[in-house]
Every structure is written in structure tokens, then in C-alpha cells.
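Inspection log for the structure reproduced underneath, given as C-alpha cells.
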Number of protein chains: 2
Amino acid sequence: MKQKVDQFELKAKLFRGFGDVTRLSILESISEEEKTVTKISEELDQSQSNVSNHLSCLSECGLVKSRKDGKNRFYSIGDKRVVKLLKQGDDILSDIAEGIYSCVNYKK
Amino acid sequence: MKQKVDQFELKAKLFRGFGDVTRLSILESISEEEKTVTKISEELDQSQSNVSNHLSCLSECGLVKSRKDGKNRFYSIGDKRVVKLLKQGDDILSDIAEGIYSCVNYKK
DNA sequence: TCAATATATCATCAATTAATGATATGTTAT
DNA sequence: ATAACATATCATTAATTGATGATATATTGA
């Protein structure tokens, strides 16, 4: 049972990667094409450091990968299954969006 | 674009439902068979109020459903796709578990 | 009715975490 | 070499959120 809890801790941590608007937006933003930090921060209207922080977190976890090209570093999704998972989120959401929206326990 | 951000906000909120050990454990615990609050709190060794709080949150969002039977209320997963999504989490995790584990930005 | 059991609610506290701003590192072109 | 650009790092702050404990509500059986 202890092992299960540890497993769930990791799994929860995985899902938390998708559980923040900024991080999720980053993932969605690079799910089609690789992008630089600057490009992403412009698109999301978020500070460079914030995006960079999230990206380093996502990289460390293996959710995104990156390649360096001169001054730039291009980020992209590290595993196809991540994209698939995000798509499935949409699928569920299409049915329960209203409930999620009205959930007061979480702000945004 | 604004609409997309709103969409991502909901989606992030959805994933946050799975992004906490206690909530995730609750979902996993009732994914096979419906259970009462008391049963779940015993299993997870969590207080009744904590489990109940999470369940009301999960219910509101439509992630779990419940039926009342006398003094008891039995909770179960609200949508098959939720179980599927959780399973896919395992799938991804089997490959990137180490990265997730060593991610220092999040505690547990 | 009253006690026992099961669950819900809710304010408060403690812990977690996202964002900011400042600074550091690395790369390219002049 | 140095200015300009791109990214990373990190301490601090502000906001969010999970857990607790107390209490309220509901149901059943004696």
C-alpha cells in the first residue's frame, strides 16, 4: 500500500504539470511546433523568467525537450503521449465544462 | 485568443483535480468500486472531513458521482474517460517517473 | 424521542506554489 | 572586446490551496 501511495504521489505530480494555466498554455503552444522562450512569453503575455522557470520545470520532468540553436533554445513536447493526454482532457471537458467552471474550490 | 485562454483555464482546473495526492488516491480508490466516505478515509488514513471536502469538490466538477443509501453515500467515478485518463497517466509515468521524482519545484 | 452513525460544511491555519524583479550566463555580430 | 540579444537562475513576495477541528445536518434503530 505504501508503494501505491508513492506511485500516486508521482502521478499527482505528473498531472500537476498540466494543472496550471501558464504551464498548460506553454504545452499547448509548443504542441504543434517548437518555439523559443521569447516567442512563448510574447504569445502568452507572460514574463520571460516566468516562462523560463516553467519550462525548466517541465524539462526536468521530461514533459518537454529542447534543442539549442545559437542564441536560441527551441522547446517542444517530449513525448507524443503528452499531446494525446491533453487532447483527452478536451474530450472530457466538453461534457463537464460547466461543472468545472462553477467549481468554487479553485480560483481559475 | 482570449477564448483559448479561458479554455485552458478550465482544462488546467480539470487536471488539477488529478494533481493532488489525496484527490488522486480517492479517484483511484473508487475507480473499481463505489465506496463511502468513511471507507475511503479509513483506506487513505485521512480525516473524514478532508475526504468529504475533496469529494464535494470532485462531485461539483462532475468527476465523481454519488448515490445515497440510507445513512451512507456511495461515491464512484462519474465518467469512464476519467479512469482512462488516469491509466494513461501511468503509461507516461512508466517512462518519465525518474524525471518527475527528481523535480524539485514540487514537493510531493 | 434520543443516541448512534454517517456525512457535510466551514472558518482557520499552515504549507505550497506562481509570479516578479534583479542578476548571471551564454552567444553572436560589429 | 563589447554591445545586443536570448535564456537561466534565484530570492522574495503574494496568492492559492490542503488539512484540521469544530460543528451542523441527516438517517436509522432502540
Side-chain angles (χ1 to χ4, degrees), chain A residues 5 8-9 12-27 29-30 34-61 63-76 100 103-108, chain B residues 5 8-9 12-27 29-30 34-61 63-76 100 103-108:
Chain A
V5 171
F8 291 160
E9 248 168 36
K13 217 167 161 184
L14 168 68
F15 282 116
R16 232 174 310 162
F18 313 129
D20 170 81
V21 209
T22 304
R23 260 190 323 267
L24 182 68
S25 302
I26 290 173
L27 290 171
S29 163
I30 62 176
E34 58 174 15
K35 283 173 191 165
T36 65
V37 176
T38 304
K39 182 84 186 299
I40 299 168
S41 7
E42 282 166 5
E43 270 191 26
L44 305 184
D45 195 28
Q46 287 287 318
S47 73
Q48 180 267 321
S49 71
N50 192 22
V51 172
S52 184
N53 274 327
H54 282 303
L55 278 170
S56 81
C57 164
L58 291 166
S59 294
E60 202 180 336
C61 292
L63 293 180
V64 312
K65 62 179 190 241
S66 70
R67 68 177 183 87
K68 217 178 169 192
D69 179 21
K71 287 189 281 193
N72 301 299
R73 182 174 284 276
F74 288 90
Y75 286 91
S76 56
I100 300 268
C103 179
V104 291
N105 295 31
Y106 297 91
K107 299 296 165 61
K108 288 184 172 181
Chain B
V5 173
F8 292 161
E9 248 168 36
K13 218 167 161 183
L14 169 67
F15 282 116
R16 231 173 312 161
F18 313 128
D20 169 80
V21 209
T22 305
R23 263 193 316 272
L24 182 67
S25 302
I26 290 173
L27 290 171
S29 163
I30 62 176
E34 60 174 13
K35 282 175 192 163
T36 65
V37 177
T38 303
K39 182 83 186 298
I40 300 168
S41 5
E42 282 167 3
E43 270 191 26
L44 305 183
D45 196 27
Q46 288 286 319
S47 73
Q48 179 268 321
S49 70
N50 192 23
V51 172
S52 184
N53 274 327
H54 282 303
L55 278 170
S56 82
C57 163
L58 291 167
S59 293
E60 202 179 338
C61 292
L63 294 180
V64 311
K65 62 177 191 247
S66 69
R67 69 177 182 86
K68 215 179 171 193
D69 179 20
K71 288 189 281 192
N72 301 299
R73 182 173 287 277
F74 288 90
Y75 285 91
S76 56
I100 301 267
C103 178
V104 291
N105 294 31
Y106 298 90
K107 299 296 166 60
K108 290 183 172 183

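When reading the values below, keep in mind they use all heavy atoms of this one structure, side chains included, and skip hydrogens, waters and symmetry mates. Computed from a prediction, not measured in an experiment: that's the story for all the values here.
Judged as a side-chain contact (heavy atoms from CB on, under 4.5 Å), and not counting sequence neighbours, B:Ser56 has no contacts. In this structure B:Phe18 satisfies the ring-ring contact (aromatic ring centres under 6.0 Å, His included) test together with A:Phe15, sequence neighbours excluded.
Contact annotation: A:Arg23 side-chain N/O to C:dT17 OP1/OP2 distance is not under 4.0 Å. Distances shown here put every side-chain N or O of B:Ser49 at or beyond 4.0 Å from the OP1 or OP2 atom of D:dT20. Taking 4.0 angstrom as the limit, B:His54 places a side-chain polar atom (N or O) nearer than this to OP1 or OP2 of D:dA19.
Nearest approach of A:Leu55 to A:Val64, heavy atoms of both residues: O-CG2, 4.1 Å. Pairing each heavy atom of B:Gln48 with each of B:Ser41, the nearest pair is CA-OG, 3.9 Å. Among all heavy-atom pairs drawn from B:Ser76 and B:Glu34, the shortest one is CB-CB, 4.0 Å.
B:Asn53 comes within 4.0 angstrom of a base, heavy atoms only.
Summary of the strand contacts: A:Gln46 and B:Asn50 both lie near DNA chain C, and taking for each the nucleotide with the nearest heavy atom, the more 5' one is attributed to B:Asn50.
For the pair A:Asp45 CG and C:dA18 P, the interatomic distance rounds to 19 Å; values are reported in whole Å. Atom CD1 in A:Ile40 sits roughly 10 Å away from atom P in D:dA8 (whole-Å rounding). Rounded to an integer number of Å, the gap from A:Lys13 NZ to D:dG18 P is 16 Å. The distance between atom CG of A:Asp20 and atom P of C:dT16, rounded to the nearest whole Å, is 17 Å. Following rounding to the nearest Å, A:Leu58 (CG) and D:dA8 (C1') show an atom-to-atom distance of 15 Å.
In the interface, the side chain of B:Gln48 is not paired with the base of C:dA6 through any donor and acceptor atom under 3.5 Å apart.
When each of D:dT17, C:dA6, D:dT7 is scored by its nearest atom to the side-chain atoms of B:Arg16, the top-ranked nucleotide is D:dT17. Picking from C:dA19, C:dA6, D:dT7 the nucleotide with the shortest atom distance to the side chain of A:Ser52 gives D:dT7.
B:Arg67 contributes no side-chain N or O that, together with a main-chain N or O of B:Phe74, makes up a donor-acceptor pair within less than 3.5 Å. Of the possible polar contacts, one joining the B:Ser25 side chain to the B:Val21 backbone as a donor-acceptor pair under 3.5 Å is found.
Residues of residues 63-76 of chain A having a heavy atom closer than 4.0 Å to DNA chain C, listed by number: A:Lys68, A:Gly70, A:Lys71.
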